[in-house]
Undergrad: 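Below: one structure in structure tokens.
This is a predicted model, so every value here is computed, not measured.
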Amino acid sequence: MSIFDILGPVMVGPSSSHTAGAVRMGQIVRRLLGGEVCFARILLSGSFALTGEGHGTRQAIIAGLMGMGPDDERIPMSFELARERGMEFSFGTVALRDKHPNSAVMTVRNAGGEQVEVGASSPGGGRIRVFELDGLATSFSGEAPTLIVRSDDKPGYVSRVTGVIAAQGINMSKLRVEREERGGRSLMVIECDQRIPYKVKVAITAIEGVRKVTRLNPGEESK
Amino acid sequence: MSTYSSIKELLDLTERMGEPLWKTVQLADCEEQDITPEASWETMANMLSVMRKTDAGYDRCQRSVSGLSGGDGGRMEDYVTSGKSISGPLLGEIVATALRMGECNACMKRIVAAPTAGACGVLPAVLLPCAKRLGAPDERVIEALYVAAGVGSVIATRASISGAECGCQAEIGSASAMAAAALVHLAGGTAREMANAAALALKGLMGLVCDPVGGLVEVPCVKRNVTGAVNALTSAEMALAGITSRVPPDEVIDAMREVGEKMDPTLRETGEGGLAGTATGKRYGG
């Protein structure tokens, strides 16, 4: 914990969980999709659904989807800005069981027609946790440098991916692999101690069966 | 140098290093986060500048989405300028600043969470008017923010700064303790007086529940920033007068945690009990 978690962060009010955390959710979904979001369907759960309006939760998620940070003064106007950019977005509610009360499921598409579906929670202090990606259970916050690799389940691919990371002298602190069924879709989440350079993403993308690679480096959320 | 997890350790570390308390807080954080003191100072200076900018940008005509907040900072300003204020301009300005900041937060303006968004008004409400009154330069105010951050870190480590975990005492109470210690630094007090001021402030608000109407950070949050700010001022005054807390600061923090854990869940940011559960509170909620 840094003293700037206590005296800070600078953020747009009114709530670190319902506003700042909601912006960060949008940001992480944008990164997981890649490219400009042109369609978004957002389902709010629990407290997000009940008190989201007064907390600006919806505007905050849309702001994050456009790449704004939690301290961006344009957050209250995000709906207008999104419409100007031609983003199509809508909201609904969903009852998620066994999830934190501050949660949402977000389905987004980019101009290329790619789609991702992300489930995430905002437990407090502006921190978030992704609990589901494209129907596969997972768990990551983006607070540490994180690599998210989506691929087909092929024998030996885990070692090929981790081999690329090791070759760069990057230390892994957490590794989690989920898959649908044998030979089906697989999701690998790797948290690292050092910043993940672009060339790691390029090298992993070249591995057979890998479909999409996202890297989350703290402090580079808006890129 | 090592880090600290209690007020006592922070005071001991400060004494061993022979530096002022704010410097101990700064250097310990720089070591842990692997940043330079210059970069740290720049970040902290930005916190002060955002506080000033938010305060200056207050718009008395603005209302929150729910319509529950806005305009009270302006009402208080008018009353203070009219010269009719019972307690005089300094206290009046502290109250007005706390309201302005709390309302800015409710109206989705940019604020500095200190330690939380809902309690963002306490520190600036005390520091900005008192810096003017004491003629303290910005450097000294930034130092005071380090003092506040040090106190807040200990509270976050030993207890909590979350209303959902320990009630409003952990948000406004912690902010008040941070502000009281910071104010002692601003007035040139000693490290021990800072620790006492923090303990006195936290004691004064112990047991305060988190009961936001409709689950929103508005009622009673905006006006509790006033409570926290005024309590910080009186706690700092007592500490500077040489009055001590009979229960040491760390034990006060531990007691706050215990009280928070015993608090009914309806009184911990669920928007169910206390003011949120009143007939009027329920009408606004839902």
Undergrad: Which of the residues A:P101, A:G126, A:G54 is involved in the greatest number of heavy-atom pairs with chain B at under 4.5 angstrom?
TA: A:G54
Undergrad: Can I get a per-line list of side-chain donor-acceptor pairs under 3.5 Å for residues 137-144 of chain A, giving both atom names and the distance, sequence neighbours left out?
TA:
residue, atom, partner, partner atom, Å
A:S139, OG, A:R129, NH1, 2.8
A:S141, OG, A:E143, N, 3.1

Undergrad: Who in residues 147-155 of chain B is close to chain A, using a strict under-4.5 Å heavy-atom cut-off?
TA: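 The list, in residue order, reads B:A148, B:A149, B:G152, B:S153.
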Undergrad: Do you know the tightest heavy-atom contact between B:G214 and A:T51?
TA: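 Scanning both residues completely, I find the closest heavy atoms to be O-CG2, 3.3 Å.
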Undergrad: Let's test your reading of the structure: which of B:S69, B:C104, B:S40 forms the most heavy-atom pairs below 4.5 Å with chain A?
TA: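 Ranked by contacts with chain A, first place is B:S40.
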Undergrad: What is the distance from atom CE of A:M1 to atom OG1 of B:T3, rounded to the nearest 0.5 Å?
TA: 8.5 Å
Undergrad: So which heavy atom on A:P14 is nearest to which on B:A106, and how close?
TA: CB-CA, 4.0 Å
Undergrad: Counting only non-hydrogen atoms closer than 4.5 Å, does B:I161 touch chain A with its backbone (N, CA, C, O), its side chain (CB onward), both, or neither?
TA: side chain
Undergrad: Under a 4.5 Å cutoff for heavy-atom pairs, which residue among A:I75, A:D71, A:D5 has the most contacts with chain B?
TA: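 Ranked by heavy-atom pairs under 4.5 Å with chain B, first place is A:D71.
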Undergrad: Just wondering, are more than 12 heavy atoms of other shown residues or ligands nearer than 6.0 Å to CZ in A:R127?
TA: no
Undergrad: CG/B:L145 to CD1/A:I6 distance, rounded to the nearest 0.5 angstrom?
TA: 13.5 Å
Undergrad: Could you give the side-chain donor-acceptor pairs of residues 111-119 of chain B under 3.5 Å, partners two or more places apart or in another chain?
TA:
residue, atom, partner, partner atom, Å
B:T116, OG1, B:A119, N, 3.4
B:T116, OG1, B:E171, OE1, 2.7

Undergrad: Could you state the interatomic distance from CE (B:M108) to CD (A:E73), rounded to the nearest 0.5 Å?
TA: 11.5 Å
Undergrad: So do the side chains of B:Q33 and A:F4 get within less than 4.5 Å of each other, counting heavy atoms only?
TA: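 With C-beta onward as the side chain, the pair stays apart.
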Undergrad: Between B:V65 and chain A, which part of the residue has a heavy atom less than 4.5 Å away: side chain, backbone, both or neither?
TA: side chain
Undergrad: Around A:K212, counting heavy atoms of other residues, nucleotides and ligands shown, do more than 12 lie under 6.0 Å from its NZ?
TA: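 Count over threshold, so yes.
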Undergrad: Taking everything shown except A:E88 itself, do over 12 heavy atoms lie less than 6.0 Å from its CD?
TA: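 No, not enclosed.
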Undergrad: Under the side chain to side chain contact (heavy atoms under 4.5 Å, CB included) test, which residues partner A:R160, sequence neighbours left out?
TA: A:Y157, A:I207
Undergrad: Taking CD in A:E53 as the centre, count heavy atoms belonging to other residues, nucleotides or ligands within less than 6.0 Å. Is the count above 12?
TA: no
Undergrad: For the candidates A:S47, A:G56, A:S2, which exhibits the highest count of non-hydrogen atom pairs separated by less than 4.5 Å from chain B?
TA: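 Most heavy-atom pairs within the cutoff with chain B belong to A:S2.
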Undergrad: List the steps and the verdict of side chain to side chain contact (heavy atoms under 4.5 Å, CB included) for B:M44 and A:I3.
TA: CA-CA 10 Å; B:M44 197 58 100; A:I3 53 170; 4.2 Å; yes
